[in-house]
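Here is the structure we will look at, set down as structure tokens.
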Amino acid sequence: MRVVAGEYGGRKLKSLSGDNTRPTTDKVKGAIFNMIGPFFDGGVCLDLYSGSGGLAIEAVSRGMAHAYCVERNFKAMQIIKENVAITKEPEKFTLLKKDAKLALAAFIAEEKKFDLVLLDPPYAKQQLIAELEAMAGNNLFANQAVVVCETSKEVVLPSEIATLNQIRQQNYGITSITIYRNEAAYA
């Protein structure tokens, strides 16, 4: 596993052995960012089920100003710390060892807004629709924010969820990538 492109392009990343995390393959990661960017001019990223941190690191490598990596698994968080250290810019990352629901509650309380949200939950625990509705209902998405959902290909997400409109869906082997754009108008 490596950073595909951008400032950290080519740097090798570590992943957790076993079934605790499923790192996004370099092929799928490259495809995701080619669909949504491929490069950014600042912004704040949320990687809610960070695993190895590879998606958040890719986002910052491609121009996001800051990324929040949320992961509840202790061993996975250790891997994320090591991978962030590889960037030599740890100040661009906030690592939170928390359950996704607790992290979302904290972000709501802090009135955070995210320009890019990366959701790659464990396949067995699909709660994406409820989480996206809660995030939209609590204004966690910046106007025109992009949301990337990585699921098993058996999971079919709706074309609209709250203020989100689906702009792309693509399957890669057993993986499905669904991309939304926040269409809410904020004053």
Side-chain angles (χ1 to χ4, degrees), residues 1-73 75-90 92-96 100 114-126 128 131-132 145-155 157 164 166-181:
M1 193 171 77
R2 64 186 176 86
V3 179
V4 178
E7 188 175 340
Y8 315 136
R11 295 184 193 180
K12 291 188 183 279
L13 299 174
K14 298 178 181 183
S15 64
L16 192 60
S17 60
D19 294 334
N20 290 328
T21 62
R22 302 164 289 90
T24 302
T25 65
D26 291 348
K27 176 185 175 185
V28 173
K29 190 175 4 175
I32 288 170
F33 284 93
N34 285 335
M35 286 188 275
I36 64 172
F39 295 97
F40 308 101
D41 187 16
V44 179
C45 171
L46 169 61
D47 188 355
L48 192 57
Y49 300 91
S50 205
S52 66
L55 289 174
I57 291 168
E58 189 75 34
V60 172
S61 179
R62 292 173 182 250
M64 279 278 146
H66 195 84
Y68 287 81
C69 299
V70 177
E71 177 56 56
R72 70 179 186 176
N73 181 288
K75 289 180 181 177
M77 184 54 73
Q78 294 305 112
I79 296 293
I80 295 168
K81 287 178 183 176
E82 291 177 37
N83 285 337
V84 164
I86 291 168
T87 71
K88 299 192 183 335
E89 295 184 306
K92 292 186 176 184
F93 299 88
T94 299
L95 310 183
L96 300 169
F114 298 101
D115 301 287
L116 174 62
V117 177
L118 305 165
L119 299 171
D120 181 11
Y123 286 156
K125 299 177 182 175
Q126 300 297 342
L128 284 176
E131 287 174 344
L132 290 170
V146 173
V147 178
V148 177
C149 302
E150 183 175 340
T151 63
S152 67
K153 70 177 182 180
E154 289 80 27
V155 175
L157 294 173
L164 301 173
Q166 189 180 118
I167 58 172
R168 185 99 185 252
Q169 191 283 324
Q170 186 76 43
N171 289 338
Y172 298 92
I174 63 168
T175 301
S176 178
I177 302 298
T178 307
I179 301 172
Y180 293 93
R181 183 174 309 282

| task | Decide yes or no on side chain to side chain contact (heavy atoms under 4.5 Å, CB included) for V148 and L119, but give the supporting numbers first. | result | CA-CA 6 Å; V148 177; L119 299 171; over 6 Å; no

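- For the pair V44/M64, no side-chain contact is recorded, criterion being any heavy-atom separation below 4.5 Å from C-beta on.
- Annotation: ring-ring contact (aromatic ring centres under 6.0 Å, His included) contacts of Y180 (sequence neighbours excluded): none.
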| message | Using ring pair (Phe, Tyr, Trp, His ring centres under 6.0 Å), reason through F93 and Y68 one step at a time and then give a plain yes or no. | response | CA-CA 6 Å; F93 299 88; Y68 287 81; over 10 Å; no

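- When each of I177, V146, I179 is checked for a side chain to side chain contact (heavy atoms under 4.5 Å, CB included) with R168, only I179 meets the rule.
- R11 places a side-chain N or O within donor-acceptor distance of the main-chain N or O of T87, the cut-off being under 3.5 Å.
- A distance of 8.5 Å separates OG1 in T175 from CG in N171, rounded to the nearest 0.5 Å.
- When every heavy atom of G54 is checked against every heavy atom of L13, the shortest pair comes out as CA-CD1, 3.9 Å.
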| Worked verdict on C149 versus L132 for side chain to side chain contact (heavy atoms under 4.5 Å, CB included) | CA-CA 10 Å; C149 302; L132 290 170; 3.9 Å; yes

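- Sorted by first then second residue, the salt bridge (Lys or Arg N to Asp or Glu O under 4.0 Å) pairs that include residues 53-67, not counting sequence neighbours, are E58-R62.
- You'll find the side chain of L48 stays beyond 4.5 Å of the side chain of L118, heavy atoms only.
- To the nearest 0.5 Å, the span separating OG1 on T94 from CG on L96 amounts to 6.5 Å.
- Taking CD from Q166 and CG from L157, the interatomic distance works out to 7.0 Å, rounded to the nearest 0.5 Å.
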| message | One pair to check against side chain to side chain contact (heavy atoms under 4.5 Å, CB included): D26 and M1. What are the steps and the verdict? | response | CA-CA 6 Å; D26 291 348; M1 193 171 77; 3.8 Å; yes

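- The structure places CG of L116 at 6.0 Å from CZ of F33, a figure rounded to the nearest 0.5 Å.
- Closest of all the heavy-atom pairs between C69 and S50 is CB-OG, 3.3 Å.
- Applying the side-chain hydrogen bond (donor to acceptor under 3.5 Å, both in side chains) test between S176 and each of E150, K153, Q169 identifies Q169 as the sole match.
- Here the options are I80, D47, V84, I86, the test is side chain to side chain contact (heavy atoms under 4.5 Å, CB included), and the partner is I57; only V84 passes.
- The minimum heavy-atom distance linking E131 with A100 is given by the pair OE2-CB, 4.2 Å.
- Without hydrogens or angle criteria, S15 side chain to S52 main chain gives no donor-acceptor distance under 3.5 Å.
- The heavy-atom pair separating L55 from K29 by the smallest distance is CD2-CG, 3.9 Å.
- T25 pairs by the side chain to side chain donor-acceptor pair (under 3.5 Å) definition with nothing, not counting sequence neighbours.
- The minimum heavy-atom distance between F114 and L46, with the atom names listed, is CD2-CB, 3.5 Å.
- Contact detail for Y49 and E71: the closest heavy-atom pair is C-OE1, 4.0 Å.
- In this structure, CG in N73 is found 10.0 Å from CD in Q78, a value given to the nearest 0.5 Å.
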| task | Dump the intermediate steps for side chain to side chain contact (heavy atoms under 4.5 Å, CB included) on V60 and F40, then the final yes or no. | result | CA-CA 8 Å; V60 172; F40 308 101; over 6 Å; no

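- Without hydrogens or angle criteria, H66 side chain to K92 main chain gives a donor-acceptor distance under 3.5 Å.
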